[in-house]
Amino acid sequence: MPELPEVEVVRRGLERWVSGRTVAVVQVMHPRAVRRHEAGGDDFAARLVGHRFGTARRRGKYLWLPLADTDASVLGHLGMSGQLLVQPEDAPDEKHLRVRFRFDDPLGTELRFVDQRTFGGLSLHDNTPDGLPDVIAHIARDPLDPAFDDAAFHTALRLRRTTVKRALLDQSLISGVGNIYADEALWRTRLHYDRPTATLTRPRTAELLGHIRDVMNAALAVGGTSFDSLYVNVNGESGYFDRSLDAYGRENLPCRRCGTLMRRRPWMNRSSYYCPHCQRPPRTTA
DNA sequence: ATTCAATCCTGTCGGC
DNA sequence: TGCCGACAGGATTGAA
């Protein structure tokens, strides 16, 4: 389940192995993988041929490859199970291969979008003046972006009438945080997922942002996390940050801080993992 | 205006 | 052994 650190690892892979190469052939093997490209798979393929990929970029969990000398980009989202792989052209097709890019150079490798569950996808869009694909203009900057505004984030939290984990997953407030890193950062901050955002003090928000950045940087340092081997990076290598998770997936295991058994609660059609001792639920207004 | 539930997919796993 | 339901879950959509 790629979140920001995993997507950044993929971006770096694209930058190294794909940026600067010129597209020769695009094959769309599954229409759902390009469903966000409204003109369809044939149009997607035709409009890419002959164009050179620029520097790979990322915001939150989205990544994109600008087409050099145009105002358009190929935008990608990995969803839950998406992978971007650079493979030898003669490597056998993956079972869930959705899109293939071949290049007009002699390197002998191609780019493949592989996605079992097809929540992810690729599409082609015009850029906004600041170089962002227009359809993601509403996605907030992510916490590793130097231009992320901590003070504005705190103000937005105070104004919202929602709870802290919902806010962390709201990509228009802060991007790149998913279920896993939300639980990790909340555990580190000793915050319960149902804490109303309006009760957070400025220092508490600062602490939370610090932990989000710490846990993401730690994951980046080991190449991202992975749980069910569906996620691998651009060269097919799994990350192994999952070994150092403190909250996510640790139901009935002792809290690494206080030893209390961790709990799992159904939450918005997924799960929240927390320590009932370190992360006290907020008082309910009955 | 803001919040929130439903929806999309497929493979795995546990229970019976 | 095999069937079935639960679960994994980010972003979008439309309803409240």
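Naming: A, B, ... by sequence-line order, numbering from 1 per chain.
In this structure, Tyr62(A) reaches the dT12(C) phosphate: one of its side-chain N or O atoms is under 4.0 Å from OP1 or OP2. Phosphate proximity of dG11(B) to Gln116(A): absent, as no side-chain N or O sits under 4.0 Å from OP1 or OP2. Residue Arg117(A) places none of its side-chain N or O atoms closer than 4.0 Å to OP1 or OP2 of dT7(B). At dT12(C), one or more side-chain N or O atoms of Arg36(A) fall inside 4.0 Å of OP1 or OP2 (strictly under the cut-off). Within the 4.0 Å cut-off from OP1 or OP2 of dT2(B), not a single side-chain nitrogen or oxygen of Arg160(A) is found. For His30(A) and dC9(B), the shortest distance from a side-chain N or O to OP1 or OP2 is not below 4.0 Å. In this model, the phosphate group of dT2(B) is not approached by any side-chain N or O of Thr162(A) to a distance below 4.0 Å at OP1 or OP2. Arg270(A) has a side-chain polar atom (N or O) that falls below the 4.0 Å cut-off from OP1 or OP2 of dG10(C). A close approach under 4.0 Å does not occur between any side-chain nitrogen or oxygen of His96(A) and OP1 or OP2 of dT10(B).
Residues Ser175(A) and Arg59(A) approach most closely at OG-CG, 4.1 Å, considering heavy atoms.
Put simply, CZ on Arg166(A) is 14 Å from P on dG10(C), counting in whole angstrom units. Atom C1' of nucleotide dG10(C) and atom CG of Asp170(A) are separated by 12 Å, given to the nearest angstrom. Between the CE atom of Met268(A) and the C1' atom of dA5(B) there is a distance of 8 Å, rounded to whole Å. Going from atom CZ of Arg264(A) over to atom C1' of dA8(C) covers 11 Å, rounded to whole Å. For the pair Asp194(A) CG and dC4(B) C1', the computed distance is 14 Å after rounding to whole Å. Counting to the nearest Å, the P atom of dA8(C) and the CZ atom of Arg265(A) are 14 Å from each other. The nearest whole Å value for the distance from the CD atom in Glu3(A) to the C1' atom in dA11(C) is 14 Å. Summarising the geometry, the separation between CG on Asn269(A) and P on dA6(C) is reported as 12 Å, rounded to the nearest angstrom.
Here the side chain of His77(A) is nearest to one of dG10(C), dT12(C), dC7(C), namely dG10(C). Of all nucleotides listed (dG10(C), dG11(B), dA8(C)), dA8(C) comes nearest to the side chain of Met80(A).
Between Arg160(A) and Thr197(A), the side chains place no donor N or O within less than 3.5 Å of an acceptor N or O (distance only, hydrogens not considered).
A 4.5 Å side-chain heavy-atom check between Glu184(A) and Asp246(A) finds at least one atom pair inside the cut-off. With a 4.5 Å cut-off on side-chain heavy atoms, Leu107(A) and Trp17(A) do not count as touching. In this structure the side chain of Asp115(A) never reaches within 4.5 angstrom of the side chain of His30(A), judged on heavy atoms.
Between Phe119(A) and Ile136(A), it is Phe119(A) whose nearest contact on DNA chain C lies nearer the 5' terminus.
A cation-pi geometry, defined here as NZ or CZ lying under 6.0 Å from the six-membered ring centre and within 45° of its normal, does not hold between Arg256(A) and Trp187(A).
Using a 4.0 Å heavy-atom criterion, one finds that Asp115(A) contacts no nucleic acid atom at all.
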